[in-house]
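Let me begin by presenting the structure, written as structure tokens, before commenting on it.
In the text below, chain A, chain B and the rest are named by the order of the sequence lines, each starting its count at 1. Scope of the values below: all heavy atoms of this structure, side chains included, with no hydrogens, waters or symmetry mates.
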Amino acid sequence: MSELNVQIPTTFDPFADANAEDSGAGAKEYVHVRTQQRNGRKSLTTVQGLKKEFSYSKILKDVKKEFCCNGTVVQDPELGQVIQLQGDQRKNVANFLVQAGIVKKDRIKIHGF
Amino acid sequence: MADDAQVDLKEEVAEAVAPFDPSKKKKKKKKVVIEEPTDEVENVSEKIENLSVSESLESTFGDKKKKKKKPVVTDFSNDDILDAGERLEGGEIDEENEEGKGISLGTPQLPWEGTDRDYKYEEILYRVFNILRENNPDLTGDRRRTVMRPPQVLREGTKKTVFVNFMDLCKTMHRQPEHVMTFLLAEMGTSGSLDGQQRLVVKGRFAPKNFEGILRRYINEYVICNGCKSPDTILIKENRLFFLRCEQCGSSRSVAPIKAGFVARVGRRKPGT
């Protein structure tokens, strides 16, 4: 008689969506491309937030070849690995990452002026 | 002409493209033709069409030539084509305007007055907006845009930049100067502080344009309401999260916290490390 209160188990999981999105390998994670001024008119470009699965050194190698600039992979205690390039390569890097299919265009955030 | 194009590439490079270009003469001729007094509208339009054909030919010409030279230059040639198209359009519009003036010197200056051609979308749009502006100016789409004074920037020495009207801008945006400052500094990846006269001193050289770009992004992200686009908003901090509440429409949204992100070590390292 009092079966009205019984919860009916369903296959619907209200959190399925949220979990799926999270498991989409950081769907909300942006790749930040920044630039930093050095002395004179020199500058640095940093790429932060690439997925961990990628081999940073390989990406770096191609990027270096493409833009004719030097660069390193820096290990940051909080942010993990960060690619650092010489010169203001923000647009180049963003284009490169999109074309190589590493990141989607709307996941890239270009900072700086 | 095609034979000419196959003359030594070097020569071609040495001479500027202009003297070699046979198409230019053509253009001039065509223009002369147009400038001749023509009364009939249809003639003019016909000639415009001719012009368009010739221009497109030109651009294809240019394409070929440039391709022979360098494959890289093809982009420019594409631009050329585009340019030609734009020019053509411009010319057309001019012609039409002249038409309108010539035929109807009365008050309603509608481009299609007197002709029986179809209206163009832009023209009709223009007309609608004119009427709207005349009758009730409040309804026109150009809402009073938030005008901000451009940032005034001075150089202090060679390595520091002073943002003079920083406080003013913060006041017009109704934002805490600290918040704006953290955003600016995080975006520029430098350090800086407020000085005695409440100006922002930033390390590094920056042009006013740079500040403008960053401020624009700040406004988009932290000032403008997403729903009604009004800048009349306030930023509230609710248990560690920033929320933007619109005073106009009452909507609120959360905004991302400002994070400085990775800042590479620039400058001399200490000899110890």
Inset, instruction - Let me know if Lys42(A) has heavy atoms under 4.5 Å from chain B in its side chain, its backbone, both or neither. - result: neither
Inset, instruction - Starting at CD of Glu187(B), measure out to CD1 of Ile110(A) and round the result to the nearest 0.5 Å. - result: 11.0 Å
Side-chain donor-acceptor pairs under 3.5 Å in residues 196-207 of chain B, sequence neighbours left out?
unit_1, atom_1, unit_2, atom_2, d
Gln197(B), OE1, Arg199(B), NE, 3.3
Gln197(B), OE1, Arg199(B), NH2, 3.4
Arg199(B), NE, Asp195(B), OD2, 3.1
Arg199(B), NH2, Asp195(B), OD2, 3.1
Arg205(B), NE, Thr158(B), O, 3.3

Inset, instruction - Work out which heavy atom in Arg34(A) is nearest to a heavy atom in Lys259(B); give both atom names and the distance. - result: NH2-O, 4.0 Å
Inset, instruction - May I ask you to list the residues in residues 77-104 of chain A that approach chain B closer than 4.5 angstrom, counting heavy atoms only, ordered by number? - result: Leu79(A), Val82(A), Gln84(A)
Legend entry - Between CE on residue Met188(B) and NE2 on residue His111(A), distance to nearest 0.5 Å: 14.0 Å
